[in-house]
Engineer: 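Pasting a structure below so you can have a look.
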Amino acid sequence: MPKAGDTLWDIARDEVEKRENSGDDGKRVEVWEKSVLFMGSKNGGKTTIILRCLEREEIPKPTLVLEYTFGRRARRHNAPKDVAHFWEIGGGTSLLELIRIPITVNNIRSFAVVLVLDLSKPNELWMTMENLLQATRNHVNKVLAKLEKTDPEVAAEIKQKMQNNLQRDHPDYELVDPFPIPLVIIGSKYDIFHEFDSEMRKIISRTLRFVSHYYGASLVFTSKSEALLLKARALINHLAFGYDRSKSVSVDHNKPLFIPAGLDSLSQIGPPPTSDSNIGRMRVNTPLELWKKVFEKTFPPKGFGDLQDRKDPAQDSQYAEYEVDVMRTQKNQELEQYKRNASKSWKEMDFDPD
């Protein structure tokens, strides 16, 4: 009922909110709101996957820094539309500090991460995965530590939720170390990966299976193929919109992998692909370190210069703004003049060695 003093705008706004948040029976319905952070290999196909999930027919542009978009879906006819916030960090591993921007105390309860790894570049794969997941985990743990002080029940709920990804009667329950928030690992460019030698595909596939299982993550291989994109989309829609999770599993390294969280096991994955004598000589503290050493023995890590190769967003034409660019040019000139003057001043100063 309208209240005394309500303007026409107040009445209209209340009516719209009522319609959007009510079911067919007129009762209030809770709107689902989730956030997903995409990160991973540079030029690995993150933007393409996001656009496909949102059913947008757009030509993907390179993500230079941090970009945001959103999607809305209704679970049924005449139901309120749920909202999913999609964040994407560009630059491979060069912009780790930006992880703290989208993941906050206010949204950690409804946050998930999608890590996209370029299967066509195995020598960069472990380094990319390790750096991004470690930086994300460190930040999430800091956020959870803050949350424990203000709302310990919610913090405990988040931690318990991740433990529940693996049933307590699962033989690996005590051997894994679940990521603190939901995680999906996507191996992209499967079309190129499929042309690799069979033994190389086997090592990469088993390694990613182990990492995903160890972190309690889902794993899927994809490419530009519509059928494979749909499988990746199914996992992401589960995170973003609460759609039912597929129960199908594909673990054959000769085919695209598809393994929802909790449906793999160390016994099925097997030991790291190396001789027992080599394993015995390796000094490691965790199973993850063991797999890393074995993987990097076959695919030695090589620097890929994310920092050096990253394009300056200020020089990109798609972000051009005349007034801002003019001011930036002026400030750059002032900075150069200051540096020249400072250099002269330092040279003219007489320092006493005593």
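The residues of the chain are indexed from 1 along the displayed sequence.
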Engineer: Give a yes or no on whether D244 atom CG has more than 12 heavy-atom contacts from other residues, nucleotides or ligands under 6.0 Å away.
Structural biologist: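 12 or below, so no.
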Engineer: Does a side-chain heavy-atom distance below 4.5 Å link L115 with M39?
Structural biologist: yes
Engineer: Is the CD atom of Q160 crowded by more than 12 outside heavy atoms at less than 6.0 Å?
Structural biologist: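 Above 12, so yes.
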Engineer: Working to the nearest 0.5 Å, report the span between CZ of R201 and CD of E195.
Structural biologist: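 Answer rounded to 0.5 Å: 8.5 Å.
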Engineer: Please confirm whether the ring centroid of F86 lies under 6.0 Å from the ring centroid of F70.
Structural biologist: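 No, too far apart.
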Engineer: Check this for me: R137, atom CZ, are more than 12 non-hydrogen atoms of other residues, nucleotides or ligands nearer than 6.0 Å?
Structural biologist: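 Buried by this count: over 12 neighbours within 6.0 Å.
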Engineer: Looking at every heavy atom in both F295 and P122, which two are closest together, and how far apart are they?
Structural biologist: CE2-O, 3.6 Å
Engineer: Count I, L, V, M, F, W, Y as connected when their side-chain heavy atoms are under 4.5 Å apart, and connections chain through other members. Are L54 and L51 then in the same cluster?
Structural biologist: no
Engineer: Using the six-membered ring wherever Trp is involved, compare the ring planes of Y215 and F179 and label them parallel, tilted or perpendicular (cut-offs 30° and 60°).
Structural biologist: perpendicular
Engineer: Please tell me if the side chains of P182 and F111 come closer than 4.5 Å, counting only heavy atoms from C-beta onward.
Structural biologist: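 Not in contact.
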Engineer: Check whether any side-chain heavy atom of L183 sits under 4.5 Å from a side-chain heavy atom of S218, and report yes or no.
Structural biologist: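 Contact flag for L183/S218 side chains = no.
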Engineer: Using only atom types and a distance under 3.5 Å, with no angle test, would you say the side chain of D151 pairs donor to acceptor with the backbone of L147?
Structural biologist: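 Checking the backbone N and O of L147 against the side chain of D151, no donor-acceptor pair under 3.5 Å is found.
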Engineer: Hey, does the side chain of H139 reach the backbone of I103 with a donor-acceptor pair shorter than 3.5 angstrom?
Structural biologist: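 Checking the backbone N and O of I103 against the side chain of H139, a donor-acceptor pair under 3.5 Å is found.
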Engineer: NE2 of H85 to CH2 of W87: how many Å apart, nearest 0.5 Å?
Structural biologist: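 Between H85 NE2 and W87 CH2, I get 9.0 Å after rounding to 0.5 Å.
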Engineer: Can L239 and K34 be said to form a side chain to side chain contact (heavy atoms under 4.5 Å, CB included), step by step?
Structural biologist: CA-CA 8 Å; L239 295 179; K34 297 288 184 178; over 6 Å; no
Engineer: Looking only at side-chain N and O atoms, does T104 offer a donor or acceptor that is under 3.5 Å from a partner on N106?
Structural biologist: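 There is no such pair (donor and acceptor under 3.5 Å, judged by atom type) between the side chains of N106 and T104.
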Engineer: What closest approach, in Å, do G90 and L95 show between heavy atoms, and which atom pair accounts for it?
Structural biologist: O-CD1, 3.2 Å
Engineer: Is there a side-chain contact between H194 and D191 (heavy atoms, below 4.5 Å)?
Structural biologist: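 A side-chain contact under 4.5 Å is absent here.
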Engineer: Checking salt bridge (Lys or Arg N to Asp or Glu O under 4.0 Å) for the pair R72/E33: CA distance, chi angles, key distance, verdict?
Structural biologist: CA-CA 9 Å; R72 302 181 72 199; E33 188 168 352; over 6 Å; no
Engineer: Report yes or no: does S205 contribute a side-chain atom to a donor-acceptor pair with the main-chain N or O of K202 at less than 3.5 Å?
Structural biologist: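 Pair absent, no side-chain N/O of S205 close to backbone of K202.
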Engineer: Considering all heavy atoms of both residues, which atom of P273 and which atom of W291 are nearest to each other, and what is their separation?
Structural biologist: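 Closest approach of P273 to W291: CD-CZ3, 3.9 Å.
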Engineer: Out of curiosity, does Y214 fall in the hydrophobic cluster containing L175 (side-chain heavy atoms, cut-off under 4.5 Å, transitive links)?
Structural biologist: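 Same cluster.
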Engineer: R52 and T48: side chain to side chain contact (heavy atoms under 4.5 Å, CB included), yes or no, with the steps?
Structural biologist: CA-CA 6 Å; R52 187 64 191 86; T48 299; 5.6 Å; no
Engineer: Before giving the answer on salt bridge (Lys or Arg N to Asp or Glu O under 4.0 Å), spell out for K42 and E124 the whole-Å C-alpha distance, their side-chain angles and the decisive distance to 0.1 Å.
Structural biologist: CA-CA 10 Å; K42 189 174 181 179; E124 300 174 7; over 6 Å; no
Engineer: Closer than 3.5 angstrom, by distance alone: can the side chain of S41 be matched with the main-chain N or O of D118 as a donor-acceptor pair?
Structural biologist: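 Checked: pair present.
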Engineer: If every non-hydrogen atom of N254 is compared with every non-hydrogen atom of S198, which pair is closest and at what distance?
Structural biologist: OD1-OG, 4.0 Å
Engineer: Are the side chains of Y190 and L228 in touch, meaning some heavy atoms are under 4.5 Å apart?
Structural biologist: yes
Engineer: Are L132 and I101 linked, directly or through intermediate hydrophobic residues, by side-chain heavy-atom contacts shorter than 4.5 Å (ILVMFWY only)?
Structural biologist: yes
Engineer: Do you see a donor-acceptor pair shorter than 3.5 Å between the side chains of T69 and R56?
Structural biologist: yes
Engineer: Answer with yes or no whether the hydrophobic clustering places L119 together with M200; edges join I, L, V, M, F, W, Y residues whose side-chain heavy atoms lie under 4.5 Å apart.
Structural biologist: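 In one cluster with L119: M200, yes.
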Engineer: Check whether any side-chain heavy atom of K255 lies under 4.5 Å from a side-chain heavy atom of F221, and answer yes or no.
Structural biologist: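 They are not in side-chain contact.
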Engineer: To the nearest 0.5 Å, tell me how far L208 CG sits from W126 CH2.
Structural biologist: 8.5 Å
Engineer: For the residue pair V36 and A240, what are the closest heavy atoms and their distance?
Structural biologist: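 Scanning both residues completely, I find the closest heavy atoms to be CG2-CB, 4.1 Å.
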Engineer: Roughly how far apart are L263 CG and H170 NE2, rounded to 0.5 Å?
Structural biologist: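 Those atoms lie 8.0 Å apart.
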Engineer: Give a yes or no answer on whether the side chain of S250 reaches the backbone of L257 with a donor-acceptor pair at less than 3.5 Å.
Structural biologist: no
Engineer: Determine whether M127 and E296 make a side-chain contact, defined as any pair of heavy atoms from C-beta on separated by less than 4.5 Å.
Structural biologist: no
Engineer: Report the distance from atom CG of L235 to atom CG of L219, rounding to the nearest 0.5 Å.
Structural biologist: 9.0 Å
Engineer: Has the side chain of D264 got a donor or acceptor atom that lies under 3.5 Å from a matching backbone atom of F210?
Structural biologist: no
Engineer: Does any donor atom in the side chain of S265 or S267 lie under 3.5 Å from an acceptor atom in the other side chain?
Structural biologist: yes
Engineer: Working note: R73 + D82, criterion salt bridge (Lys or Arg N to Asp or Glu O under 4.0 Å); need CA distance, chi angles, decisive distance, verdict.
Structural biologist: CA-CA 5 Å; R73 300 273 173 82; D82 298 324; over 6 Å; no
Engineer: For F299 and I203, run side chain to side chain contact (heavy atoms under 4.5 Å, CB included): C-alpha distance rounded to whole Å, both residues' side-chain angles, the deciding distance at 0.1 Å, then the answer.
Structural biologist: CA-CA 10 Å; F299 303 104; I203 294 172; 4.0 Å; yes
Engineer: Honestly curious: do L230 and V249 fall in one hydrophobic cluster under the side-chain, below-4.5 Å linking rule?
Structural biologist: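 No, L230 and V249 fall in different hydrophobic clusters.
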Engineer: R100 and K142: side chain to side chain contact (heavy atoms under 4.5 Å, CB included), yes or no, with the steps?
Structural biologist: CA-CA 10 Å; R100 61 185 173 81; K142 290 179 182 178; over 6 Å; no
Engineer: Between S188 and S223, is there a donor-acceptor pair closer than 3.5 Å when you use the side chain of the first and the backbone of the second?
Structural biologist: no
Engineer: Which heavy atom of K231 sits nearest a heavy atom of V220, and at what distance?
Structural biologist: CB-CG2, 4.2 Å
Engineer: Does NZ or CZ of K46 come closer than 6.0 Å to the centre of the six-membered ring of F38, within 45° of the ring's axis?
Structural biologist: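 No, K46 does not lie over the aromatic ring of F38.
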Engineer: Between D172 (side chain only) and L266 (backbone N and O only), is there a donor and an acceptor less than 3.5 Å apart?
Structural biologist: yes
Engineer: With rounding to the nearest 0.5 Å, note down the distance linking CG in L37 to CD1 in I89.
Structural biologist: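 Spacing of CG (L37) from CD1 (I89) equals 4.5 Å.
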Engineer: In the structure I gave you, are the side-chain heavy atoms of L288 and L290 within less than 4.5 Å of one another anywhere?
Structural biologist: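 No. Closest side-chain heavy atoms not under 4.5 Å.
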Engineer: Measure from the side-chain N and O atoms of S94 to the backbone N and O of G91, and report whether any donor-acceptor pair falls under 3.5 Å.
Structural biologist: yes
